[in-house]
Amino acid sequence: MPHHALDVTLTRALTPAELQRAARTMPIATNHDTTRLLALVRARNPDKALNRLRHQMGGQLPIDVITTHYPDPHGQILLNVTFSPAAYAALEAAAERTRRPPHLFVQEAIHRALAQHAAEEAECLDRALQHLLTGTTPPQLLAALGRVLTHPTGAAPC
């Protein structure tokens, strides 16, 4: 059975005892402030790995979100989120109005939000480039782009 790498985002930093207990359950690595984990889980497929980690660690750790670390063959990252009963009831009601199962309703909402974000980012980049081109020539802009790409110093937000 293969191992699957899963990213775990926590609602708070782990205590040393929680971290030690989790490390005895499965192989994990933490970030510098123990608010994120990378876990290796044996399972037949990524879906089962997400559920196994939630089942094994859900009661022990303050888990917020679990995702697959690597995209599947279709480039998708799987997401495992637990909703409060009230939030799930609202989600079910909204999904019912669209005649979609709750998991598909959430999946489609996330896809729409990500597509909107990508479109907004592309529009922001287009505006920034148009602004740059008003005061420079294309060769100057390409030279500057080459410098930035070979010596990155961090990107400024739009």
Side-chain angles (χ1 to χ4, degrees), residues 1-125 128 145-158:
M1 209 174 332
H3 283 84
H4 299 276
L6 304 178
D7 286 315
V8 182
T9 303
L10 304 169
T11 59
R12 62 170 171 77
L14 294 180
T15 65
E18 288 171 324
L19 180 58
Q20 193 173 41
R21 197 171 36 244
R24 283 194 300 261
T25 305
M26 65 182 56
I28 61 169
T30 66
N31 68 338
H32 68 286
D33 63 359
T34 68
T35 57
R36 295 194 60 199
L37 306 175
L38 183 65
L40 287 176
V41 180
R42 275 179 75 95
R44 284 199 174 102
N45 58 52
D47 228 2
K48 290 189 185 303
L50 290 165
N51 291 331
R52 179 167 291 157
L53 188 140
R54 176 77 67 183
H55 178 74
Q56 288 181 346
M57 301 281 218
Q60 300 176 27
L61 300 177
I63 295 174
D64 189 18
V65 177
I66 306 169
T67 63
T68 50
H69 185 69
Y70 299 106
D72 68 11
H74 306 288
Q76 302 293 306
I77 298 290
L78 299 181
L79 176 70
N80 182 291
V81 179
T82 300
F83 296 103
S84 69
Y88 191 75
L91 173 66
E92 279 186 312
E96 179 64 32
R97 286 192 296 278
T98 63
R99 293 191 169 97
R100 307 293 285 163
H103 73 282
L104 286 180
F105 178 79
V106 170
Q107 180 180 352
E108 291 165 358
I110 290 171
H111 282 253
R112 279 191 308 274
L114 290 172
Q116 180 179 350
H117 178 72
E120 289 169 358
E121 288 289 310
E123 187 178 313
C124 179
L125 182 58
L145 180 61
R147 286 191 302 275
V148 169
L149 290 175
T150 56
H151 304 291
T153 59
C158 288

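- Two residues are said to be in side-chain contact when any heavy atoms from C-beta on lie closer than 4.5 Å; Gln107 and Leu104 meet this criterion.
- When side chains are defined from C-beta on, Tyr88 counts as touching Pro102, because their heavy atoms get closer than 4.5 Å.
- One distance of note links OG1 of Thr34 with CZ of Arg12; it measures 9.0 Å at 0.5 Å rounding.
- Inter-residue side-chain proximity for Val8 and Leu61 is flagged as unmet; no heavy-atom pair is nearer than 4.5 Å.
- With rounding to the nearest 0.5 angstrom, the CG atom of Asp64 is 6.5 Å from the OG1 atom of Thr9.
- In this structure, Leu50 and Thr68 approach most closely via the heavy-atom pair CD2-N, 4.2 Å.
- The closest donor-acceptor contact from the side chain of Asn31 to the backbone of Thr35 lies under 3.5 Å.
- Heavy-atom neighbours of Phe83 CZ from other residues, nucleotides or ligands within 6.0 Å: above the threshold of 12.
- Although no hydrogens or angles enter the test, the distance criterion places a donor-acceptor pair under 3.5 Å between the side chain of His4 and the main chain of Ala43.
- The distance from the CD atom of Glu121 to the CD atom of Gln116 is 11.5 Å, given to the nearest 0.5 Å.
- Formation of a donor-acceptor pair under 3.5 Å by the Arg52 side chain with backbone atoms of Arg42 is found in this model.
- Distance check: Arg99 CZ to Glu96 CD gives 7.5 Å after rounding to the nearest 0.5 Å.
- Pairing each heavy atom of Leu53 with each of Ala39, the nearest pair is CD1-CB, 3.4 Å.
- With contacts defined as side-chain heavy-atom distances shorter than 4.5 Å, the pair Val106/Leu79 does not qualify.
- The shortest side-chain heavy-atom distance between Ile63 and Leu10 falls under the 4.5 Å cut-off.
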